[in-house]
Every structure is written in C-alpha cells, then in structure tokens.
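All values below were derived from every heavy atom in this structure, side-chain atoms included, with hydrogens, water molecules and symmetry-related copies excluded. A note on names: the letters A, B, ... follow the listed sequences, proteins ahead of strands, and every chain is numbered from 1.
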Protein chains: 2
Amino acid sequence: MIPCDKCPLRRCQYFLPFTEDELAFMLRFKAGELTVEAGTTVLMEGSNSPQVFTVLSGMGTRYKTLEDGNRQVINFLFPGDFIGLQAGVMGEMKHSVEASAPMVLCVFNRSDLWNMFKAHPARAYDLTWIAAVEEHFLGESLTALGQRSAGQRIAWALLRIHHRLRAVGLETAGVVPLAFRQQDLADALGLSLVHTNKTLMQLRKSGLARWSDGSLAIADRTKLAEYAGSAPEPLEQRPLM
Amino acid sequence: MIPCDKCPLRRCQYFLPFTEDELAFMLRFKAGELTVEAGTTVLMEGSNSPQVFTVLSGMGTRYKTLEDGNRQVINFLFPGDFIGLQAGVMGEMKHSVEASAPMVLCVFNRSDLWNMFKAHPARAYDLTWIAAVEEHFLGESLTALGQRSAGQRIAWALLRIHHRLRAVGLETAGVVPLAFRQQDLADALGLSLVHTNKTLMQLRKSGLARWSDGSLAIADRTKLAEYAGSAPEPLEQRPLM
DNA sequence: CGTAGGCTTGAATATGGTCAATGGTTGTGG
DNA sequence: CCACAACCATTGACCATATTCAAGCCTACG
C-alpha cells in the first residue's frame, strides 16, 4: 500500500498541496487499497457502502441505470477523483461506479468521515470543496447536453477529458490514454452509439481529434474548443482527498 | 428579520430538525435578509460574492449563459435551497441566480463559513450533505436530458417541481404555484420553446398535468410518473441551512 | 391606444435515432 | 491450429422527433 506521503498524485500541480498536519491525518485516515480489473462494479446504486474511495490510478464511470435498461453515464472517473460522497453523508449511493480499466483505489472508512469533520475542519472543508467542484462539472455537462449539437458535445467531452488527464500528467505529445468504449461516451452525452461513431469519424477526418485504440490525440486544442463552441478553460487547482 | 428559531421552514417535515446547539449557532450565523423582486439577478456567474444565501421564500433559477447567447437553466430554486456554495468554497460562482418571483433570502457571511467548519462540525457536515443532495439532483437532471424524450422530460420536471413544493407545504389539493415561464422550463430541459409549449398542451389535453397562469395541477401523480418513465421518488429528508 | 412580453399554432426542415448488416480482434474450446 | 463466439467499431438507408421560421393572440401596462 502506498502511504499518502508517497502518493504520486501529490506531485501534480492540479491538486492543492497538503499541509504537514493534513498529511499526518491522511496517513491514518487511509484504511487500505482496493485493486480491481476492468469491468468490475465498485459501487452499486442503492448500496450502503461502509467505505469511500479516491481513485489512485485507472479510469472508470459513474452511471445510473433506468427502468427501461437505458444507461446514463454521469461522468468519467480519473486519478484523484473522490467516490462515495453520497453514501458517505446521505447513507446511500445514487449511482453506480464501474472500472473501465484496471483501477487502484484508496480506501477510507465511512465511519471515520465524521471524525474528520470533528477533528480536521480543514480536510472537511476540502471535501465540501470537492463536492462543489463536482457540482460545477455536472452543471457543465448539463449545459452540454441541453444546449450543444452532437458534434459540439463530443468535441467538448474529448477536450474536457484530455484536459483532466493532462492535469494528472498522463499526456505525452498531445496524446492521452483513454480506456472507454464509444458506447460509454454515447451514454454520457445522450447520443446513440451510431451517431457517436459517425461524429467521431468526422472529427478524425477533419483532423481535430483522433480517438482510436485507446488513445486520444488532440493536435490543436484551441481549434477543437472553437469547434465545440466553448472557451478553453484554465487549469484550476482543487483539493485532493 | 425572521430569527432562525421562528423560521417557518423548520416546520416542514422535509428538513431535518435542528438541535438546540445548532439553532443557537444559526441565530448568530444569519447575518441578514435580502428581499428582491421578480427578475432580479441575485448572483452573477464569475462573481465573488462575500455572501451566501438560503431561500426563505419565493422561486428562482440557477443558469449559465453561453457564448452564443443560449441559456441553460441548471435547476429551479425553492424555499430551503442553499445558494452560493461555489463562491463560498471555490471563490467564484459558476452560474448565475435570478429571482423568478419575489424572493426573500437569508444572508450569511462567507467569511463565517470557515468558522462554522472549525466550531460547528455538525453544521459543516450538513452543508456537505446539502452539496451531495445537489449533486444527486443534477445527476437526475442529466439523466433526464440524456435519456428521455421531450414528453417524458417535461412530465418528469413537473413531477419533481410538484414534489419539491409539496415538501415545503405549498400544495393545496394537488395544485402548486409556479412562477416560471415556459421558456425557463425549455431552457432547463434543453428543448425549444415551441416544442415545450406543444408538449405542455398535450399533457393538458390528456389530463395528466395542467400548468397555466402560474399554477401547476397534477391530478394523478402515479399516472404522470408512469408517463415520465420514472418511479415516483419518496420524500427523503435533508438538512436545512 | 400602442407596445412589450409571453403563449399558441402551423408548416417546412434538419438533426439525430433506429434498423440492419459487415468487419476486425480477441479469447476459448475442440 | 482452426472454428466459433463475443464484443466492439463501422457504414448505409430510412425515419421520427424536435427545431426553426413565421405569424397571430392575449394581457398587462404605460
């Protein structure tokens, strides 16, 4: 198990640094590590997990399944993302979590959360901050689904994913690894698989973005952002739990 | 100014009750009241408000405006909703807030938030809980936009609004007041105004839901939920800030 | 009385969905 | 080593849902 003081994520500028005090707390707070292979369901909608997690490495999806079998991917999970807040404070998960690639998760005990609020207000504040960031991103997603065309949505999603992976140091010469299926993206953006495929093909042919064989290459982010109809967002720091 | 111990919202079963201790804290925490008329912008995207709010009465919208002038309504605001978390913890609002009807807001100083985390972990925990509830609702909205047809979306939205207003005691014989324009609903659901209008008309003709002149009447919630393709959700309690 | 804002309606159009079939790759068992 | 199944990506044809455009109506308000 990687102790928090040796956590590779702490080297990313994307995350706010820990104070000595916080680091000491996290070392005790981290209860273990969970390694899962691609395809594993980590948390189930409606479950009452005794644990909460932080993604240490790998990728996954949060999603909801509807009565009619349709699926909505709420968002994609990348290193540094916190999982299980709803179970943590509300007592029940409102969506499921599945690994799309081999994943390593830091495990925390839900019962320790309350202690954190009592004894470590700074960490509690950070957790709320993380929740606010999540809320912000969901608002962005909602805006994409509500106001953008299929092409713009896909461009926007690829940009956002690229941006997020760059933030955790997974980019090399404009290329990032991407472990999802086209179906996942389609389910995230409210598009059919067929249309998603055709649109991705267009982006590929126009040279704006190339996603195939688990790799996403974006040559000119500014141009893609223009196509997506969204300003390229700056890299804002956020806390890491 | 209504002191928190006399807050009418506390009488709603929808909200978890305060302990004596919490009530005492809230009495000091509440810094004032803000009364605005319909059409007023309470918070602007990008602003760095020194205050955060709770809706005491009235209705409003959270929304984002895009480069092209399009607008996405993130959600509707009702009594008991907390506003400004993002500015509170992240330092900047990511959406705007506008009053759709005369609104009274409880005002809190952003600078007191950190004191709350240090001195009142139970209230801090509740704030995180509120954030998690918000996240849950946004996920539901995302699912509605991504997976449901126009008719289902509108039925779903009307149900949810009805449900929320019932929770704060604003229902009388299946009827709730509703201060929004059709354009607001259209912008919330990613539909055009024209199509929203026609769909509302259909719901009216089929007798499932009747929204006109600022009143929404739902005769049979079960039937409407069936039409919306969603299970009628139970009333879950949440904290009030 | 004139204007503005919001609601209503019809017709033409387009964006994206559905259906159906094919190809490539991987893994498994005979 | 080959046959087969499973899974995912790809493509074409057709169709439906929802958008856009355009106009008329009603009410509130100055």
### Protein-nucleotide distance (A/His195, atom NE2; D/dC15, atom C1'), rounded to Å
14 Å
### Query
Can you check the B/Arg181 CZ to C/dT8 P distance for me, whole Å?
15 Å
### Options C/dG16, D/dA22, D/dT10, nucleotide nearest the side-chain atoms of B/Val194
D/dA22
### Task
Within residues 196-210 of chain A, find the residues that approach DNA chain D with a heavy atom at under 4.0 Å, and present them sorted by residue number.
A/Asn197, A/Lys198, A/Met201, A/Arg204
### Task
Could you check B/Leu9, B/Thr35, B/Leu105 and say which one makes a side chain to side chain contact (heavy atoms under 4.5 Å, CB included) with B/Leu56?
B/Leu9
### Task
Let me know the distance between CG of A/Asp213 and C1' of D/dT10, rounded to the nearest Å.
13 Å
### Task
Would you mind telling me which of D/dT10, D/dA18, C/dG16 lies closest to the side-chain atoms of A/Leu191?
C/dG16
### Query
Which is it for A/Asp81 and A/Arg62 under the salt bridge (Lys or Arg N to Asp or Glu O under 4.0 Å) test, yes or no, and what are the steps along the way?
CA-CA 11 Å; A/Asp81 281 333; A/Arg62 290 187 223 254; 5.4 Å; no
### Message
Rounded to whole Å, how long is the line connecting atom CD of A/Gln152 with atom P of C/dT15?
### Response
12 Å
### Message
Is a donor from one side chain sitting under 3.5 angstrom from an acceptor on the other, for B/Arg160 and B/Asn75?
### Response
no
### Query
For the pair made of CD in A/Gln183 and P in D/dC7, what is the distance, rounded to whole Å?
13 Å
### Task
Using the side chain to side chain donor-acceptor pair (under 3.5 Å) rule, take A/Asn197 and A/Gln182 through it: C-alpha gap first, then chi angles, then the decisive distance, then the call.
CA-CA 7 Å; A/Asn197 179 286; A/Gln182 295 188 353; 2.9 Å; yes
### B/Leu193 CG to D/dT20 P, straight-line distance once rounded to whole Å
11 Å
#### Entry: CD (B/Glu233) with more than 12 external heavy atoms under 6.0 Å
yes
#### Entry: B/Phe76 ring center near B/Phe180 ring center (under 6.0 Å)
yes
### Query
Looking for any heavy atom pair under 4.0 Å, which part of the strands does A/Gly214 touch: base, sugar-phosphate only, or nothing?
nothing
### Query
Base, sugar-phosphate alone, or nothing: which one does A/Gly190 contact when heavy atoms must sit under 4.0 Å apart?
sugar-phosphate
### Message
Rounded at 0.5 Å granularity, tell me how far CD in A/Glu135 sits from NZ in B/Lys94.
### Response
12.0 Å
### Query
When we call it a touch if two heavy atoms are under 4.0 Å apart, what does B/Ser212 touch: a base, just sugar-phosphate, or nothing?
nothing
### Protein-nucleotide distance (B/Gln182, atom CD; C/dG5, atom P), rounded to Å
17 Å
### Message
From CG of B/Leu145 over to P of C/dG16, roughly how many Å is that when rounded to an integer?
### Response
15 Å
